[in-house]
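Take a look at the structure set out below.
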Amino acid sequence: MSLRIYNTLTGKLEELVPLNPPHLLIYTCGVTVYDDSHVGHGRSLIVFDVLRRFLEHLGYRVRFVRNFTDVDDKIINRSKQECTDFMTIANRYIASYYIDMENIRVKPADVEPRVTEHIQEIIEVIKGLIEKGYAYESEGDVYFSVSSFPEYGKLSKRNVEELEAGARVEPSEKKKNPLDFALWKSAKAGEPAWDSPWGPGRPGWHTECVAMIFKHLGQTIDIHAGGLDLVFPHHENEIAQAEALTGKPFARYWVHNGLVTVGGQKMSKSLGNYITLKEVYSKYHPDILRLLVLFTHYRSPLDFSWEKMEETKRAYERLINALEDLELLKKLPSYEEKGTHPLFESVKQMEEGFFKALSDDFNTPQALATIYGLIGELGKIKNKAFSDGRISRQELEAYEFAVNSIIRSLRGVFGLLEDYKPECDVKRVVQKELEAGTIFDSRLVDLLVEVRDMTRKEKLFSVADHIRDRLKELGIILEDTPAGTKWKKQ
RNA sequence: GGCAACGUGGCCGAGCGGCUAGGCGAGGGACUGCAAAUCCCUUUUACGGCGGUUCGAAUCCGCCCGUUGCCUCCA
């Protein structure tokens with residue numbers, strides 16, 4: 001199986017053919033570390049994390065690089081506000097980023113380079129561009145000359161004349177052309193600076209990715225990924241520099257994820273409508289954000305709301321219930337039945353559908369639909385077993401087979417259910433909170449459930465209901481099933 | 001203004017020439033001591049508007065309307 005994916009460069013769906021199979025080189029533009037990451041960053045990180053896992057699943061030997069922009073105007077401004085140096089700010093938010101990534105279950109990249117550790121490589125790229133006549137020095141700055149690169153605009157489908165007409169770029173007498181962009185910025189007083197052939201200064205934004213890709217991946221990579229808002233000018237400018245310098249294609253496939261909106265408007269720092277990842281995972285299990293992201297096709301806009309988080313949470317609970325119910329079904333008396341259960345075939349179809357959907361432009365919503373189709377079938381088996389008060393061995397085996405298949409698919413590729421263990425999940429969470437001193441011991445809940453079951457057998461329902469009500473006030477939900485009482489948090 | 005997307009049933013959201021996507025919500029039923037959970041049934045001209053191509057269009061083409069993104073830093 002291979003992947004057909006939309007390439008921004010060609011505007012078409014294309015079959016992914018790596019340059020040197022089975023090796024696959026992926027670069028994704030990481031974050032600028034001047035503040036906490038928000039849901040918009042989270043979506044991009046989750047999407048490409050899952051894409052990477054899927055490609056690994058397909059058998060590619062993926063080398064995945066994601067950078068940190070750790071020096072730029074916003075970081076410098078922030079450091080001025082706080083009367084500290086830019087590195088303090090960068091290090092603080094890199095640490096914050098790692099906490100976020102752990103909490104939303106995004107795997108670390110194979111290489112996570114920082115701009116400030118690649119100044120020399122960046123200078124080499126700029127020197128090369130000047131030598132070849134694509135860039136020029138001007139009063140300590142260095143600019144890329146857009147008019148020297150005829151293919152400029154090919155990624156974002158713009159032409160230079162239109163850009164010039166609508167240019168909102170501040171006119172600068174240092175530039176020959178308003179569209180020219182800075183490769184090197186001369187240092188102003190009090191700003192971080194590195195020595196260079198053009199005097200002290202720091203790199204412009206777009207060169208860093210080129211230099212880091214050359215160093216860690218090579219001159220031509222397979223996939224270059226990022227948010228849709230990076231297409232222009234960032235990725236356009238990367239292509240111009242890299243291809244001007246090497247004369248080779250820079251990236252074979254350009255993959256961009258759609259943006260996160262709030263009330264239809266782009267989530268962004270400047271609009272102030274952002275929600276940090278920390279706020280999200282302080283309220284919800286990390287899987288729920290992942291599920292929300294994966295329920296939308298990666299190229300569509302995703303409108304974030306807390307209502308949608310609640311909806312997704314309910315959908316997630318339905319999934320978890322279906323998995324957990326295996327343990328309840330095991331407690332029922334079983335009997336022998338002839339033949340193979342048809343569910344085995346459904347599981348096979350689900351798995352095929354799941355991977356087929358992902359192969360078709362990474363259609364995660366379609367892949368989830370196959371999973372939920374199977375969950376419906378599991379519900380039917382459970383319903384029948386509970387009303388019969390028993391289950392056939394064949395059904396139980398088929399159910400377990402299905403559960404294992406769902407877990408394998410969701411855990412391996414989607415990065416969901418990482419901490420899921422049947423029967424232990426809720427208790428583990430409660431135990432964690434116990435250690436934090438915010439809740440009681442799960443063994444005490446077990447005890448109360450046991451006592452309540454005794455009162456129910458004696459038909460002392462008012463006592464049983466009182467226990468259930470009081471536990472509910474404490475955030476513990478009891479559910480009576482034919483196979484016994486189960487409890488969960490919240 | 002230029003460029004690029006998008007407009008699907010109560011809401012969200014796949015599909016992109018013929019075959020019930022899926023999720024959430026709502027109503028009814030089964031089950032239950034009562035709940036919860038679960039399943040079943042219903043939500044039976046869903047595809048912005050108007051034309052066109054076709055045996056057949058949500059799906060292709062044209063125009064119009066509306067929303068958004070990019071054109072400045074941005075995942």
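Protein chains get the first letters and strands the later ones, always in sequence-line order, with residue 1 at the start of each. Computed from heavy atoms alone, side chains included, the values below leave out hydrogens, waters and symmetry copies. Bear in mind that the values here come from a model prediction, so they are computed numbers and not experimental data.
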Counting only Watson-Crick and G-U wobble pairs with both atom distances below 3.5 Å, the stems of 3 or more consecutive pairs that include RNA chain B are B:1-7 with B:65-71, B:10-12 with B:22-24, B:25-30 with B:38-43, B:48-52 with B:60-64

Applying ring pair (Phe, Tyr, Trp, His ring centres under 6.0 Å), can you list everything that pairs with H234(A), at least two apart in sequence or on another chain? W205(A), H206(A)

Interatomic distance at P, C64(B) relative to G1(B), whole Å: 12 Å

So, using side-chain contact (heavy atoms from CB on, under 4.5 Å) as the criterion, who are the partners of D73(A) when residues are at least two apart? K185(A), R202(A)

Proximal nucleotide (of C34(B), A36(B), C70(B)) relative to the I477(A) side chain: A36(B)

Residues which pass side-chain hydrogen bond (donor to acceptor under 3.5 Å, both in side chains) with E337(A), listed by chain and number, not counting sequence neighbours: S392(A)

Closest approach to the side chain of T32(A), judged atom by atom: which nucleotide of A75(B), A14(B), A35(B) is it? A75(B)

Tell me which residues in residues 380-389 of chain A put a heavy atom below 4.0 Å from RNA chain B, sorted by number, or none. K380(A), K382(A), N383(A)

Could you go over nucleotides 6-10 of chain B and give all protein N or O partners under 3.5 Å, atom names and distances?
none

Test side-chain contact (heavy atoms from CB on, under 4.5 Å) applied to R452(A) - qualifying residues, sequence neighbours left out: T455(A), R456(A), A464(A), I467(A), R468(A), L478(A), D480(A), T485(A)

Check whether the side chain of D465(A) and the base of G33(B) form a donor-acceptor pair under 3.5 Å. yes

By the salt bridge (Lys or Arg N to Asp or Glu O under 4.0 Å) test, which pairs, at least two apart or in different chains, include something from residues 361-372 of chain A? R299(A)-D361(A)

Partners passing side-chain contact (heavy atoms from CB on, under 4.5 Å) against Q366(A) (at least two apart in sequence or in another chain): A357(A), N363(A), A369(A)

G29(B) to A21(B) separation - C1' atoms, rounded to the nearest Å: 26 Å

Taking the side chain as every heavy atom from C-beta outward, state whether D49(A) and R105(A) have any atom pair closer than 4.5 Å. no

Test ring pair (Phe, Tyr, Trp, His ring centres under 6.0 Å) applied to F64(A) - qualifying residues, sequence neighbours left out: none

Partners meeting ring pair (Phe, Tyr, Trp, His ring centres under 6.0 Å) with F68(A) (sequence neighbours left out): Y97(A), Y98(A)

Counterpart residues, side-chain hydrogen bond (donor to acceptor under 3.5 Å, both in side chains), relative to Y274(A) (two or more places apart): none

